[in-house]
Amino acid sequence: MEKPEKRGMIDTWLDKHRSLYTAATRHDFVVSIRDGSVDLSSFKTWLGQDYLFVREFVPFVANVLIRAGKESGETSDMEVVLGGLASLNDEIEWFKNEGSKWGVDFSTVVAQKANQEYSRFLEALMSSEVEYSVVLTAFWAIEAVYQESFAHCLGDGNKTPAELTGACNRWGNDGFRQYCLSVKNIAERCLENASGDALVEAEDVLVRVLEHEVAFWEMSRG
């Protein structure tokens, strides 16, 4: 039996920004996958744009890994982040296979405005001036939105099209949920020891991740 999750700063912030979190994890694009009404051209747009985003996400996670090794004081942090980084190699291969399946040529896909802005945001977080606790909060939020969104598409009563269940399983599976929980626990531990300024920044960064996620879904839906 799982131990009940200890509530920390992230849960407090999610309560405070619940409508935005819901907008990010229950976006119309996600709901359309779950209820089977999704426009497949929108799915292809998401596929191409997310492939480009993942390639920008890899250096960000690599940066988190370096900082986990230098700043966390806990060897287990590095192992959790390393697991996430390793899985991105499989993820890129998955995207390539899906691209072939759906006839999406990634070499011709150009990053749209929402994607470019999200990538710039990631790049800014890689600055050494950004506190480790702030970076971990962002890292958790980016992963958790996809976990929650795609798990919703696999929940009871879903009408997710069979050809999209692979995409939903990619992030909606229980193993990814456990990984997100591990990242959250690291972030919460760091936030317990963070300065007041870092807490303000971490909350702001959490909100900005959610805003970027909403914009990304909107872009995908066209």
Side-chain angles (χ1 to χ4, degrees), residues 13-15 17-57 87-88 90-119 121-122 138-181 184 206-222:
W13 294 332
L14 291 182
D15 287 343
H17 303 289
R18 181 59 58 186
S19 61
L20 181 57
Y21 187 67
T22 302
T25 56
R26 297 290 184 271
H27 189 273
D28 287 347
F29 177 72
V30 174
V31 172
S32 75
I33 294 175
R34 179 185 160 85
D35 69 18
S37 68
V38 63
D39 181 340
L40 292 180
S41 68
S42 295
F43 178 78
K44 290 186 205 179
T45 298
W46 168 81
L47 191 71
Q49 292 297 316
D50 208 48
Y51 170 77
L52 296 183
F53 179 78
V54 168
R55 296 191 74 91
E56 297 293 328
F57 188 53
S87 72
L88 288 173
D90 294 336
E91 197 165 299
I92 286 171
E93 285 306 307
W94 177 85
F95 271 105
K96 288 178 178 175
N97 290 333
E98 287 290 301
S100 298
K101 186 170 102 180
W102 292 96
V104 179
D105 180 359
F106 294 137
S107 68
T108 65
V109 176
V110 176
Q112 293 186 29
K113 185 169 177 276
N115 201 348
Q116 291 172 0
E117 289 175 350
Y118 205 170
S119 296
F121 171 72
L122 283 186
F139 183 37
W140 170 79
I142 293 165
E143 299 285 44
V145 166
Y146 264 38
Q147 200 286 315
E148 275 241 14
S149 297
F150 286 110
H152 181 58
C153 297
L154 299 171
D156 290 346
N158 80 79
K159 296 174 183 171
T160 297
E163 63 269 36
L164 302 188
T165 54
C168 298
N169 274 313
R170 174 102 227 151
W171 293 278
N173 69 80
D174 193 60
F176 193 66
R177 185 179 73 84
Q178 294 293 343
Y179 159 72
C180 288
L181 188 55
K184 185 182 182 188
L206 174 62
V207 168
R208 290 180 67 193
V209 167
L210 298 177
E211 289 171 345
H212 280 298
E213 292 288 346
V214 172
F216 205 96
W217 295 131
E218 284 288 317
M219 167 195 66
S220 301
R221 200 173 60 142

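It should be emphasised that the depicted structure is a prediction, and the values quoted were computed from it without experimental measurement.
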- In terms of heavy-atom contacts, Arg221 and Ser42 come closest through O-OG, 3.4 Å
- Tell me, do Asn169 and Leu154 make a side-chain contact under 4.5 Å, heavy atoms counted? yes
- Message: Taking the side chain as everything from C-beta on, heavy atoms only, tell me whether Val209 gets closer than 4.5 Å to Phe121.
- Response: yes
- Is it the case that more than 12 heavy atoms not belonging to Arg26 sit under 6.0 Å from its CZ atom? yes
- Residues Cys153 and Cys168: closest non-hydrogen pair is CB-SG, 3.5 Å
- Assess whether side-chain contact (heavy atoms from CB on, under 4.5 Å) is satisfied between Lys184 and Glu143, documenting all intermediate values. CA-CA 10 Å; Lys184 185 182 182 188; Glu143 299 285 44; over 6 Å; no
- Message: Val207 vs Trp13, test: side-chain contact (heavy atoms from CB on, under 4.5 Å). Steps then yes/no.
- Response: CA-CA 9 Å; Val207 168; Trp13 294 332; over 6 Å; no
- Checking side-chain contact (heavy atoms from CB on, under 4.5 Å) for the pair Tyr51/Ile92: CA distance, chi angles, key distance, verdict? CA-CA 7 Å; Tyr51 170 77; Ile92 286 171; 4.2 Å; yes
- Closest contact, heavy atoms only, Ala24 versus Ser149: O-OG, 3.5 Å
- Note on the structure: When Thr165, Val38, Asn158 are each screened for side chain to side chain contact (heavy atoms under 4.5 Å, CB included) with Ile33, the one that passes is Val38
- Message: For a quick test of reading the model, state the closest non-hydrogen atom pair linking Asn173 to Gly175 and the distance between them.
- Response: OD1-N, 2.9 Å
- Task: Grab the two heavy atoms, one from Ala111 and one from Gln116, that are nearest each other, plus how far apart they are.
- Result: O-NE2, 3.0 Å
- Side chains of Phe53 and Leu122 in contact at under 4.5 Å (non-hydrogen atoms): yes
- Message: Between Ser32 (side chain only) and Phe29 (backbone N and O only), is there a donor and an acceptor less than 3.5 Å apart?
- Response: yes
- So, the side chain of Trp171 versus the backbone of Phe176: is there a donor-acceptor pair under 3.5 Å, distance only? no
- Taking only Lys NZ, Arg NE, NH1 and NH2, and the carboxylate oxygens of Asp or Glu, determine whether Lys101 and Glu98 approach each other closer than 4.0 Å. yes
- Message: Evaluate Trp102 against Trp46 for ring-ring contact (aromatic ring centres under 6.0 Å, His included), listing each step before the verdict.
- Response: CA-CA 12 Å; Trp102 292 96; Trp46 168 81; over 10 Å; no
- Task: In sequence, state the C-alpha distance, the side-chain angles, and the governing distance for Phe139 and Phe57, and then conclude on side-chain contact (heavy atoms from CB on, under 4.5 Å).
- Result: CA-CA 10 Å; Phe139 183 37; Phe57 188 53; 3.8 Å; yes
- Note on the structure: Heavy atoms of Val109 and Val104 approach each other most closely as CG2-CG1, 4.1 Å
- Query: So, does Gln49 use its side chain to make a donor-acceptor pair with the main chain of Gln112 at under 3.5 Å?
  - Reply: yes
- Message: So if I apply the side-chain hydrogen bond (donor to acceptor under 3.5 Å, both in side chains) rule between Tyr118 and each of Glu213, Glu211, Arg208, which one comes out positive?
- Response: Glu213
